[in-house]
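Input: a single structure, listed below in structure tokens.
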Amino acid sequence: MAYLVLISDGETGPRFTLDKECLSIGRSSDCDIHLEDPSVSFEHAQLNIKQGFGEVWIEDANSTNGTFVNNKKVQSSPLRHNDNINIGLSNFRFVSDEESLLESTQEIKKSWIPGIFYLKDKS
């Protein structure tokens, strides 16, 4: 299963499960992912899930301000695990459970600053 996570001020927000073949993103209340943002078009973009192939594509719906994947404006683009998607002022991270299960475990390291820890890839 794949999903989008809304990122706000560096914190993770709501998680939107991609459980249909096609999901719409926009300002319209009829959209599957509704964004209350005046810089987002009523029907801004679509997510298309290709079931047999495990692929997810994002397509811009001729929006006014565009759709961005990893800071590049796209008309249509496949999504990969951890891709960043920008729609208006909203930032999302694409998460694919299949890929996230394959990622290596990171180690918790203590910094020289008391009480501060960070993650580091295992060597």
Interatomic spacing from [atom1] in [X] to [atom2] in [Y] - rounded to 0.5 Å:
| X | Y | atom1 | atom2 | result |
| --- | --- | --- | --- | --- |
| Ile7 | Leu4 | CD1 | CG | 10.0 Å |
| Ser63 | Gln75 | OG | CD | 8.0 Å |
| Asn71 | Asn84 | CG | CG | 7.0 Å |
| Ser90 | Leu35 | OG | CG | 4.5 Å |
| Phe94 | Leu47 | CZ | CG | 8.5 Å |
| His44 | Ser39 | NE2 | OG | 7.5 Å |

List in chain and number order the residues that pass salt bridge (charged side-chain N to carboxylate O under 4.0 Å, His left out) with Asp32, two or more places apart in sequence or in another chain; answer none if no residue qualifies.
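Lys20.
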Using side-chain heavy atoms (C-beta onward) and a distance below 4.5 Å, is Ile85 in contact with Asn91?
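No, their side chains stay 4.5 Å or more apart.
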Measuring only between side-chain heavy atoms, which start at C-beta, is Leu18 closer than 4.5 Å to Val56?
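Touching, per the 4.5 Å side-chain cut-off.
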Trace of the side chain to side chain donor-acceptor pair (under 3.5 Å) decision for Glu59 with Trp57
CA-CA 7 Å; Glu59 294 180 15; Trp57 284 71; over 6 Å; no
Heavy-atom count check: over 12 atoms from other residues, nucleotides or ligands less than 6.0 Å from Glu43 CD?
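Counting neighbours around CD of Glu43, 12 or fewer heavy atoms of other residues, nucleotides or ligands fall under 6.0 Å, so no.
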side-chain contact (heavy atoms from CB on, under 4.5 Å) involving Arg15 - partner list, sequence neighbours excluded:
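Applying side-chain contact (heavy atoms from CB on, under 4.5 Å) to Arg15 gives Tyr3, Val5.
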Cluster overlap Val40 with Phe68, hydrophobic side-chain contacts below 4.5 Å
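In one cluster with Val40: Phe68, no.
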May I have all residue pairs that pass salt bridge (charged side-chain N to carboxylate O under 4.0 Å, His left out) and include part of residues 73-92, sequence neighbours excluded?
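Passing the test, one end in residues 73-92: no pairs.
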